[in-house]
Amino acid sequence: MKLIEKIADLREEIKRFKREGKIIGFVPTMGYFHEGHLSLMDIARKRSDVLVVSIFVNPIQFGPNEDYNRYPRDLKRDLKLAEERGVDIVFHPDNREMYQENFQTYVNVEKLTKGMCGKYRPGHFRGVTTVVAKLFNIVQPDIAVFGQKDVQQAIVIKRMVGDLNFPVEIVVGPVIREHDGLAMSSRNTYLNDEERKQAPMIYKALKVAREKVKMGNRDAAKLKEIIESTIATAPLARIEYVEIVDDENLEPVSEVKPGTLAAVAVWFGKTRLIDNIYLMER
Ligand code: AMP
């Protein structure tokens, strides 16, 4: 496995692989790996000849009062885990390498970024789509794998790839969870013991809603209420949003139908957690 920090060096490698007709798989990450990240590497590994993983805590996707500075980082551990998972290249640029002085070009997906996380994290998705567009131009992958955990992100990236004609197939991997149902996230390390104990209530609430749907309840307003009241049984939980939306346009629905998702953002102390579930599969 190679660790590459410079764009020019990565381009050299990629040029060689392309000449050899190799299929390039790509998993963009901010590092501090958990099984969620590693599962995406497994998916990409199976479908490509060369597997590239990027580790870059992208400053432009964090708001001024967000956790950029304290975001957890452990490159040494990440490199070991990536190597064990059969990664060929880890691309780990620094901020100056990615954002040269006077950088001023951004990619923005207009409508899909208005609601849900976009409403509470202004500029976040603009930062995400900009860095992913840059990474796609640098890595030139044939396929790129993203997690369902960040469902709005995955849908926004698919839109960008379609709209801007990136020759990349986007694959979405399932949410990987801890044994108690909490969706894995690098940010889970921020939780104190009591917050960590209560956080699985998020997924419990989503499952309760899905059970109600299975029993015939299709009323989105009612299901939203059930999710909210279930999460509220965790005394430390502060709900940011609960949305029942269509998985293609992310618009709220009034009735659950195939492709309806329940998506939530919940604060525990200073930690913001997100999760989602299909109330009805497509
Ligand atoms: P991050 O390092 O948090 O930016 O995440 C990198 C990629 O891993 C994104 O595509 C995420 O959606 C994905 N990811 C994060 N957590 C999980 C999880 N628990 N299950 C599956 N994918 C995940």
Side-chain angles (χ1 to χ4, degrees), residues 25-45 47 51-63 66-68 70-75 77-79 81-82 85 87 90-93 98 112 116-118 121 124-136 139 141 143-161 168-191 196 199-200 202-203 206 247 250 261 263-266 271-278:
F26 180 42
V27 181
T29 80
M30 300 204 298
Y32 211 74
F33 293 156
H34 49 67
E35 271 307 310
H37 297 113
L38 302 174
S39 71
L40 304 185
M41 295 176 206
D42 292 345
I43 293 171
R45 179 71 283 173
R47 303 200 35 184
L51 175 53
V52 181
V53 170
S54 63
I55 300 176
F56 179 59
V57 184
N58 175 34
I60 69 166
Q61 74 186 65
F62 289 79
E66 292 185 353
D67 55 342
Y68 174 73
R70 66 175 187 136
Y71 196 85
R73 295 158 167 92
D74 189 344
L75 182 63
R77 177 172 168 272
D78 285 351
L79 292 176
L81 291 170
R85 263 358 213 246
V87 172
V90 170
F91 178 51
H92 178 250
M98 289 298 279
L112 290 169
M116 299 164 63
C117 291
R121 303 187 68 190
H124 167 66
F125 286 112
R126 184 176 90 135
V128 170
T129 42
T130 300
V131 80
V132 171
K134 284 169 66 67
L135 289 167
F136 282 179
V139 176
I143 84 155
V145 188
F146 291 82
Q148 174 72 16
K149 157 85 186 344
D150 300 274
V151 62
Q152 187 173 17
Q153 169 173 283
I155 292 167
V156 165
I157 297 288
K158 277 189 189 164
R159 186 75 268 143
M160 175 187 82
V161 161
V168 188
E169 181 190 347
I170 302 299
V171 174
V172 179
V175 183
I176 305 299
R177 301 179 177 283
E178 302 288 355
H179 292 298
D180 56 12
L182 177 64
M184 287 192 186
S185 166
S186 309
R187 291 190 166 99
N188 291 350
T189 52
Y190 299 153
L191 299 168
R196 177 64 188 81
I202 297 172
Y203 185 52
L206 295 175
D247 71 343
L250 297 179
L261 288 165
V264 306
V266 179
T271 306
R272 183 179 179 276
L273 302 177
I274 58 171
D275 202 349
N276 69 87
I277 199 169
Y278 267 101

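For ligands, and for the atoms within them, numbers begin at 1 and follow the listed sequence. Worth knowing before you read on, the calculation uses all heavy atoms, side chains too, and leaves out hydrogens, waters and symmetry mates.
- Near Met184, with a cut-off below 4.0 Å to any heavy atom, the atoms of ligand 1 are 16 (N), 17 (C), 18 (C), 19 (N).
- Nearest heavy-atom pair, Gly147 versus Leu40, reported as atom, atom and distance to 0.1 Å: N-CD1, 3.7 Å.
- For ligand 1, the atoms lying closer than 4.0 Å to a non-hydrogen atom of Asp150 are 11 (C), 12 (O), 15 (C).
- Close contacts of ligand 1 with Leu40, meaning ligand atoms under 4.0 Å from a residue heavy atom, involve 7 (C), 8 (O), 10 (O), 13 (C).
- In this structure, Gln153 has a heavy atom closer than 4.0 Å to ligand 1.
- When only interatomic distances are considered, the shortest N/O to N/O separation between Met30 and ligand 1 falls below 3.5 Å.
- Checked for salt-bridge contact, Arg177 and Asp275 meet the test: a charged N lies under 4.0 Å from a carboxylate O.
- Close contacts between ligand 1 and His34 involve ligand atoms 15 (C), 16 (N), 17 (C) [criterion: under 4.0 Å to a heavy atom].
- Polar contact check, His37 against ligand 1: a nitrogen or oxygen pair lies under 3.5 Å apart.
- Contact annotation: the side chain of Phe62 approaches that of Val57 to within less than 4.5 Å [non-hydrogen atoms, C-beta and beyond].
- For ligand 1, the atoms lying closer than 4.0 Å to a non-hydrogen atom of Pro174 are 20 (N), 21 (C).
- Looking at residues two or more places apart in sequence or on another chain, you find no salt bridge (Lys or Arg N to Asp or Glu O under 4.0 Å) involving Arg77.
- Of all heavy-atom pairs between Leu135 and Ser54, the closest is CD1-OG, 3.9 Å.
- Heavy atoms only, all atoms of each residue included: Gly173 and Ile43 are closest at CA-CD1, 3.7 Å.
- The shell of residues lying under 4.0 angstrom from ligand 1, judged by heavy atoms, excludes Glu35.
- Two residues are said to be in side-chain contact when any heavy atoms from C-beta on lie closer than 4.5 Å; Gln152 and Leu112 fail this criterion.
- Some N or O of Ile176 is nearer than 3.5 Å to an N or O of ligand 1, by distance alone.
- Scanning all protein heavy atoms for the shortest distance to atom 10 (O) of ligand 1 gives Gly147 N, 2.9 Å.
- Within the 4.0 Å heavy-atom shell around ligand 1 one does not find Ala154.
- Counting heavy atoms closer than 4.0 Å to ligand 1, residue Val27 contributes nothing at all.
- Here the closest non-hydrogen pair linking His92 and Ile55 is CD2-O, 3.2 Å.
- Residue Pro28 has at least one heavy-atom neighbour below 4.0 Å for each of these atoms of ligand 1: 6 (C), 7 (C).
- Every atom of ligand 1 with a heavy atom of Phe146 under 4.0 Å away is listed here by number and element: 10 (O).
- At least one side-chain heavy atom of Leu182 sits less than 4.5 Å from a side-chain heavy atom of Asn188.
- Taking only nitrogen or oxygen atoms, main chain and side chain alike, Lys149 does not reach within less than 3.5 Å of ligand 1.
- Using a 4.5 Å cut-off on side-chain heavy atoms (C-beta onward), Leu38 and Met41 make contact.
- Here the shortest heavy-atom distance to atom 3 (O) of ligand 1, taken over Phe33, Tyr71, Phe56, belongs to Tyr71.
- In this structure, Arg73 is positioned above the aromatic face of Tyr68, its NZ or CZ under 6.0 Å from the six-membered ring centre and within 45° of the axis.
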